[in-house]
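Please see the structure below; I have some questions.
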There are 2 protein chains.
Amino acid sequence: MVLDSLDLKIIQALSQQGRATWSELAERFEVSSPAIADRVRRLEKRGILQGYTIRLDAPQLGYDLTAFISVSLEKTEHRPAFLAYVESTAEIQECHHVTGSGDYLLKVRCRNTAQLEQIISHGLKGQASVGQTHTAIVLSTAKETLNLPLTPD
Amino acid sequence: MVLDSLDLKIIQALSQQGRATWSELAERFEVSSPAIADRVRRLEKRGILQGYTIRLDAPQLGYDLTAFISVSLEKTEHRPAFLAYVESTAEIQECHHVTGSGDYLLKVRCRNTAQLEQIISHGLKGQASVGQTHTAIVLSTAKETLNLPLTPD
DNA sequence: ATTGAAACAATCAAAAA
DNA sequence: TTTTTGATTGTTTCAAT
């Protein structure tokens, strides 16, 4: 089953205004609000719409430091322990298995360099599987969004 | 002006359930719903809570390919044109100025390798300022969240 | 920050496209 | 199967405290 143009318009609208009311969207797209509610419920059920969240200003919350850490794993048998560490560490926002020089690319948000050091030297290097790491500190962020380029007909 | 424990609890709750009703939060945190509404309005006004959005399943929407592209800029005078290109390209979800070998680290979501090639060979390499690029393809993603580790007292 | 009233939005069942 | 309508329920908002 495919997405029609109304589904895409709803997804696009909620990407920008995740708390838009069904009646707002109903008016904007010229359908009834139960129709919007139904579409959204179905998108949720299909797992396309996974949930609702907020965009935060990390620096205002004391998170002034963002870093990307490339991690090479040596002992592949300890990979589950590494992934469990990643899962349990709230400062690690993203963890991707990637091609290229490192095995995993981590996006980390932390309060300061002391906390970053803690994560690299104790958290990551403390994992039996972790070999080399390479850290790139974010100096500034020009763009950061979750939006996907959806093209409603 | 600082955040108190109720502010942090609201932020944390909305991070997980961005459409939670004020009355739900009011009951959970044992205050009235106008109190929740007021806190949220103030967090929005201060720019701490920047907005509401949704989490999408990118593969189900046809975005099967995620890549991180490290970009080196040569002619620094064309940097604004590069940033304008980044801004105008919906497939580029993130662009960070970073320390280390490349100047910028881009997170890109696209439909397939053909589209990735288009972005690298025409989009990026078409910019006067862009020198070398290094692309890491995401094989799988173990973690991907916007949440910050907030510690309510 | 709370209370209570008014305005508004979401949901459900029935029915129609 | 999906949408609309209209009634009901629940939520947000506002003024007063």
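Residue numbering restarts at 1 for every chain, and letters A, B, ... go by the order of the sequence lines. As the structure is a prediction and not an experimental result, all values here were calculated from the model.
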Annotated protein contacts, base or backbone, on nucleotides 11-17 of chain C with a non-hydrogen cut-off under 4.0 Å, one of B, S, - each: BB-----
For A:Arg41, salt bridge (Lys or Arg N to Asp or Glu O under 4.0 Å) partners two or more places apart: A:Asp38
Separation of atom CD1 in A:Ile36 from atom C1' in C:dA10, rounded to whole Å: 13 Å
Separation of atom CD in A:Glu27 from atom P in C:dC8, rounded to whole Å: 12 Å
Contacts of type side-chain contact (heavy atoms from CB on, under 4.5 Å), residue A:Val31, not counting sequence neighbours: A:Leu6, A:Ala35, A:Ile36
Residues in salt bridge (Lys or Arg N to Asp or Glu O under 4.0 Å) contact with B:Glu91, at least two apart in sequence or another chain: none
Nonpolar side-chain network containing B:Leu146, other nodes, edges under 4.5 Å: A:Leu146
ring-ring contact (aromatic ring centres under 6.0 Å, His included) contacts touching residues 26-68 of chain B (sequence neighbours left out): A:His96-B:Phe68
Heavy-atom pair of closest approach, residues B:Leu14 and A:Arg19: CD2-NH1, 3.9 Å
Contact interval (first through last nucleotide) of DNA chain D with protein chain B, 4.0 Å heavy-atom: D:dT11 to D:dC14
DNA chain D-proximal residues of residues 41-55 of chain A, any heavy atom under 4.0 Å: A:Arg42
Ion pair check, B:Lys9 and B:Glu30, cut-off under 4.0 Å: no
Without placing hydrogens or testing angles, list every side-chain donor-acceptor pair under 3.5 Å for residues 118-138 of chain A, not counting sequence neighbours.
{"unit_1": "A:Gln118", "atom_1": "OE1", "unit_2": "A:His122", "atom_2": "ND1", "d": "3.4"}
{"unit_1": "A:Ser121", "atom_1": "OG", "unit_2": "A:Glu117", "atom_2": "O", "d": "3.3"}

Between C:dA9 (C1') and A:Leu25 (CG): distance, integer Å: 12 Å
Touch class at under 4.0 angstrom, heavy-atom based, for A:Ser32 against every strand present: base
Under the side-chain contact (heavy atoms from CB on, under 4.5 Å) test, residues paired with B:Ser101 that sit two or more places apart: none
By side-chain contact (heavy atoms from CB on, under 4.5 Å) - contacts of A:Asp57 (at least two apart): A:Pro59, A:Gln60, B:Gln50
Would you give me the side-chain donor-acceptor pairs under 3.5 Å for residues 69-84 of chain A, sequence neighbours excluded?
{"unit_1": "A:Thr76", "atom_1": "OG1", "unit_2": "A:Arg79", "atom_2": "NH2", "d": "3.4"}
{"unit_1": "A:Arg79", "atom_1": "NH1", "unit_2": "A:Tyr104", "atom_2": "OH", "d": "3.3"}

Sugar-phosphate only, base, or nothing, as touched by B:Asp38 at under 4.0 Å among non-hydrogen atoms: nothing
